[in-house]
Amino acid sequence: MKITLHSPVDMHIHFRQDAMLSLVAPLSAQHFAGGVIMPNLIPPVNGVERLQSYTAEVLEAVKPHAFEPYMTLFFRDYTEQELAAAKPHMLGIKLYPAGATTNSEAGVREIGAMDRVFKMMEEQGIPLLVHGETHGFVMDREREFCAIYRHLATTYPNLQITMEHITTLDALRLLDEFTNLRATVTMHHLVITLDDVVGGLMNPHLFCKPIAKRPEDRDALLQAALAAHPKLMMGSDSAPHPIDKKECPGCAAGVFTAPILLPLLAELFARHGALDNLQAFTSDNARRLYSIDPPPKRVVLEDIPMTIPASYNTVVPMWAGRSIGWSVTEVV
Ligand code: NCD
Ligand code: ZN
């Protein structure tokens, strides 16, 4: 079996900086025509100058691959002028509740106090990307945040809101309720549950925010992805951390999947007889929802087995050492 994908895009990636950027950016750029680059650096990408300098670093790191970085700004209390100046250089603004995840300490403490910014973003047509977790009990954080999504979607009907890396049936249901909501979902949340993280021996390489949930959540997300739900986009949330930050007490949150995304997705969609929908899930839905036009790239995948490497330099990928049934055989 064989499938050709046209310009797949990864709608949620962490590229980091410096040596980590040089290591991971080519691993995405070899298979993807573009991706949404997250701004949770230290310090965060929260001004137009920093946005432009980070864009230049990313463009340097993806060479010589054709790869369009869709940049994001870290949400804060921006002025109207700051928003207007940043708009041409980015896809949207990413909101993190303070402390919700890696490098989010500078995030929002009181979402209700940000009405002015949401209003201006709505008026200027700037999409809002959201890490949707409260500070409640870990398994309930996303479900609790759904009330905030409802509030935002209702109060700002013309604000395009992306629920990033959804992990629950509750969040999935919101997609059909509000026209201005869309979502990304990771590959790993389609295949793992909390049991894979802590149900047996603890696996730090599957620990991420939001934490993987219940089998019924995973199954609902998988069905929606396999059906290429028109408001759902593949966003890997590939989040590399050096091995000593993962295999230690106080393990950092993040699953590294960039180099194995397309083979694993092809295997998954083939197993469920849904290969025809992989193009929409990994590219067409995102292009339509964001009106983006990534550079041409043809990626051929075949059911030729490969073994997931034990590591990529300092970073251990999801399912390291496991053998999978599909691989990328050609990129043009
Ligand atoms: C991400 C990271 O490491 O930057 N971690 C994660 O567990 N997903 C941040 C994020 O997207 O939450
Ligand atoms: Zn992320």
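Whatever order the structure lists ligands and atoms in, that order sets their numbers, starting from 1. The structure presented is a predicted model; accordingly, all values stated were derived computationally and were not measured.
- Between F269 and F281, a ring centre-to-centre spacing shorter than 6.0 Å is recorded.
- Side chain to side chain, T168 and K213 fail the donor-acceptor criterion of an N or O pair below 3.5 Å.
- For ligand 1, one of its N or O atoms has an N or O atom of T102 under 3.5 Å away.
- Ligand 1 lies less than 4.0 angstrom from a heavy atom belonging to H12.
- D244 CG: more than 12 foreign heavy atoms inside a 6.0 Å radius.
- Looking at A253 next to ligand 1, an N or O pair under 3.5 Å apart turns up.
- With no hydrogens or angles considered, a side-chain donor-acceptor pair links H229 and D176 at under 3.5 Å.
- Using a 4.0 Å cut-off to heavy atoms of H131, the atoms of ligand 1 that qualify are 12 (O).
- Within a 6.0 Å radius of CZ in R214, other residues, nucleotides and ligands contribute 12 heavy atoms or fewer.
- Annotation: atom 10 (C) of ligand 1 to nearest protein heavy atom, T101 OG1, 3.4 Å.
- Taking every heavy atom of H241 and a limit of under 4.0 angstrom, the matching atoms of ligand 1 come to 3 (O).
- In terms of polar-atom proximity, defined here as any N/O pair under 3.5 Å, H14 does make such a contact with ligand 1.
- For atom 3 (O) of ligand 1, the closest non-hydrogen atom of the protein is R16 NH2, 2.8 Å.
- Between Y312 and F256, the ring planes lie perpendicular to each other; the angle is over 60°, past the 30° to 60° tilted range.
- In N40, the part holding a heavy atom less than 4.0 Å from any atom of ligand 1 is the side chain.
- For T186 and D237, the side-chain atoms include no donor-acceptor pair closer than 3.5 Å.
- Scanning all protein heavy atoms for the shortest distance to atom 7 (O) of ligand 1 gives K209 N, 2.8 Å.
- Listed for the T102 side chain is a donor-acceptor partner under 3.5 Å among the backbone atoms of A253.
- Listed by chain and number, the protein N, O or S atoms at a distance under 2.8 Å from the Zn ion (ligand 2) are H12 NE2, H14 NE2, D237 OD1.
- Judged purely by distance below 3.5 Å, without hydrogens or angles, the side chains of Y78 and N46 never pair a donor atom with an acceptor atom.
- Considering backbone and side-chain N/O of A239, none are found under 3.5 Å from N/O of ligand 1.
- Counting only N and O atoms by type, the side chains of H241 and R16 include a donor and acceptor under 3.5 Å apart.
- Below 30°, between 30° and 60°, or above 60°: for Y96 and F74 the angle between ring planes is below 30°, a parallel geometry.
- When the side chains of ILVMFWY residues are joined at heavy-atom separations under 4.5 Å, either directly or via intervening members, L265 and L206 end up in a single hydrophobic cluster.
- Of the protein's non-hydrogen atoms, D237 OD2, 2.7 Å is the one closest to atom 8 (N) of ligand 1.
- Annotation for ligand 1: atoms under 4.0 Å from non-hydrogen atoms of G254 are 5 (N), 6 (C), 7 (O).
- Contact annotation for E164 and ligand 1: no heavy atom of the residue comes within less than 4.0 Å of the ligand.
- At a cut-off of 3.5 Å, with distance as the only test, a side-chain donor of R287 or S283 sits close to an acceptor on the other residue.
- For ligand 1 and C208, the ligand atoms under 4.0 Å from any heavy atom of the residue are 7 (O).
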